[in-house]
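Contents: one structure, followed by commentary.
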Amino acid sequence: MRTRPHRGTRMNYAETFQNAVAALRDEKRYRVFADLERVAGAYPRAIWRAENGLQREITVWCSNDYLGMGQHPDVINALTEATRTMGAGAGGTRNISGTNHPLVELEAELADLHGKDAALVFTSGFVSNEAAISTIAKLLPDCLILSDQLNHASMIAGVRGGGTAKKIWRHNDLEHLEDLLRTAGRERAKLIVFESVYSMDGDVAPIERIADLADKYNALTYIDEVHAVGMYGERGAGICERDGVMDRIDIIEGTMAKAFGVMGGYVAASDSIVDAIRSYAPGFIFTTALPPGLAAAACTSIRHLKTSQAERTAHQRQAQRTKDFLRAAGLPVMPSETHIVPVLVADPDQCKKASDYLLERHGVYIQPINYPTVPRGTERLRITPTPLHTDALIDHLCHALVDTWQALGLSTGAVNGQAQIEDGMGPAPAIYPAAGG
Ligand SMILES: *Cc1c(COP(=O)(O)O)cnc(C)c1O
C-alpha cells in the first residue's frame with residue numbers, strides 16, 4: 001500500500017485509500033462500530049440496530065461512562081437547563097467571544113478538585129494532552145520529554161507536537177526512568193509524562209516514587225488521570241488523591257468524558273503553567289469553546305462525585321465481583337489492580353469473532369481491542385463493569401463468556417487465576433432513580 005506509483009503513471013487516489021483499508025482487513029483489525037442507542041434511565045441497556053435491520057435490546061459491558069453519570073438525572077437536568085437558558089453552542093473561541101460563565105465555574109471546580117491554583121478546559125481529553133504537553137515542551141528550552149512506553153495516543157501526539165528530544169522509558173520501570181534522568185543531568189529541562197491508571201491493563205503507576213525521582217533530578221511531572229478521575233480518592237480527584245500525592249505532581253490532566261459522563265478535557269496546575277498554556281497552545285486558542293450545557297453538566301457531575309461515595313463503592317464492588325466470577329469460571333482474566341477487567345483472547349480474528357458472537361447470541365456488547373491499541377498477541381475483550389451492572393447481569397455475562405469460549409474453542413490458559421468468589425458482599429446497591437427523559 002505504501003509503494004509509490006512508477007514515473008509517468010498517474011496517482012490513483014481512490015485505490016490508494018482502498019488499499020490502505022484492505023490492509024487492515026487482511027490483518028483482521030478493520031474497525032466496525034455497533035449501531036447503538038443508549039437508553040437514559042436504563043443503563044447499561046441499549047438498543048442495537050443489526051445490519052439486517054432488526055432492533056434488539058442489549059447490555060453494554062465496555063462503556064467508559066464508568067459510573068453511569070452520563071445518565072444521572074441531575075447531570076441531564078444541568079445540561080438541558082443551561083442549554084435552554086444559554087443556547088446550544090458556545091458561539092466561538094474564548095478569545096473571540098469571551099468565556100461562557102459555566103466554564104468559569106467548571107474551571108474553579110476542577111482547580112479545587114485537584115488542589116491546584118488553576119485549571120484550563122479543552123474540548124476533549126485528547127486535545128488537552130496534545131495541546132498541553134506540546135506547549136510545555138516548546139516553552140522549556142532544550143526540553144527532554146521522558147514518556148512511559150504505554151502512554152495514550154493523545155500524549156504521544158503531544159510529545160511529537162512539542163518537537164523536542166524524547167526518550168521512552170519502559171512501562172512503570174523506575175530504574176530505567178532514573179537512568180534516563182541521570183544521563184540528562186539536573187541542569188537540563190525535563191518533563192516526565194505518564195498515566196495513573198493504564199486503561200488497557202488496569203495497572204497503576206508508582207506515582208510517589210516517580211515524584212521522588214523528579215525531585216531528585218529536578219524534573220517537571222505531568223500525569224494523565226483520565227481513567228481515575230471521579231473513581232478514586234475521597235473526592236474523586238483520582239489516584240494522586242488516593243495516594244496522597246496530588247501536590248507532588250506539577251500538571252494533572254483529566255477528562256469529563258469518562259467517569260464524569262459528559263465531554264471535555266482539562267489540565268490543573270500552578271497559575272504560571274496554566275496561564276502559559278492558555279496563552280500559547282493553538283489547540284486551546286483556535287477552537288470553539290465547550291458549550292454551556294456541557295460545561296454545566298460536567299460541573300454538576302464533578303460536584304456530585306466530590307461528596308457522594310455511593311458510586312465509587314458500588315463500582316469497586318461490581319468490578320471485583322466480575323473479576324472473581326470470571327476467574328472462578330476459568331476465563332483468562334488478565335491481572336488488573338483497578339476497575340478494568342481485561343480478558344485475554346490473544347488473536348485479532350478470534351477477538352472480533354468472540355465480540356460478534358457475544359452480541360448476536362447473548363445480547364452482550366464488548367468491543368474487541370486489537371493492535372495498535374494493545375500489542376499484537378494480547379488482543380482482548382476489555383470489560384468495564386459499572387455500579388449499574390447488577391449481580392444478575394454479572395451472572396449473565398459470566399455464562400455468556402463461558403459459552404463463547406466453548407463455542408469458539410478459545411484458550412483459557414496463560415493468565416488463568418485461582419481466585420475464589422468472596423461471600424458477604426451483600427446485594428448490589430441501588431444508586432439512584434431512573435433519569436427522567
Ligand atoms: C480516552 C483517553 C484520553 C482522551 O480523553 P477524551 O476526553 O476521550 O478525548 C486521554 N488519555 C487517556 C489515557 C485516555 O484513555
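Atoms within each ligand, like the ligands themselves, are counted from 1 in listed order.
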Using heavy-atom distances only, which candidate in Met155, Met200, His152, Lys258 approaches atom 1 (C) of ligand 1 most closely? Lys258
Ligand 1 to Asn129, heavy atom cutoff 4.0 Å, flagged ligand atoms 10 (C), 11 (N)
Starting from atom 15 (O) of ligand 1, locate the nearest protein heavy atom and write down its residue, its atom name and how far away it is, to 0.1 Å. His227 NE2, 2.4 Å
Does Lys167 NZ have over 12 foreign heavy atoms under 6.0 Å away? no
Given Asp179 and Arg182, is the salt bridge (charged side-chain N to carboxylate O under 4.0 Å, His left out) satisfied, shown in steps? CA-CA 5 Å; Asp179 282 348; Arg182 195 184 299 114; 3.2 Å; yes
Side chains of His389 and Tyr43, donor plus acceptor under 3.5 Å: no
Regarding Tyr232 and Asp243, do their side chains bring together a donor and an acceptor under 3.5 Å, going by distance alone? no
Can you tell me which residue and heavy atom of the protein come closest to atom 9 (O) of ligand 1, and the distance to 0.1 Å? Phe126 N, 2.8 Å
Need the ligand 1 atom indices (1-based, order shown) with element for anything under 4.0 Å from a heavy-atom of Val226. 2 (C), 10 (C), 11 (N), 12 (C), 14 (C)
With a heavy-atom distance limit of 4.0 Å, tell me whether Asn64 approaches ligand 1 through its side chain, its backbone, both, or neither. neither
Is it the case that over 12 heavy atoms from other parts of the model lie below 6.0 angstrom from the OH atom of Tyr280? no
Less than 4.0 angstrom from a charged side-chain N to a carboxylate O is my criterion; do Glu107 and Arg278 meet it? no
Looking at Lys116, is its backbone amide N or carbonyl O close enough to the side chain of His114 to form a donor-acceptor pair, meaning the two atoms are under 3.5 Å apart? no
Would you call Arg29-Glu379 a salt bridge at under 4.0 Å N-O? no
Nearest non-hydrogen protein atom, atom 6 (P) of ligand 1: Gly125 N, 3.4 Å
Note the single closest protein heavy atom to atom 11 (N) of ligand 1, along with its residue, its atom name and the distance in Å. Asp224 OD2, 2.7 Å
For Ser154, state whether at least one heavy atom is located under 4.0 Å from any atom of ligand 1. yes
Protein heavy-atom partner closest to atom 7 (O) of ligand 1 - residue, atom, separation in Å: Thr255 OG1, 2.6 Å
Within the 4.0 Å heavy-atom shell around Ser124, which atoms of ligand 1 are there? 7 (O), 9 (O)
In ligand 1, the atoms that come under 4.0 Å of a heavy atom of Glu195 are 13 (C)
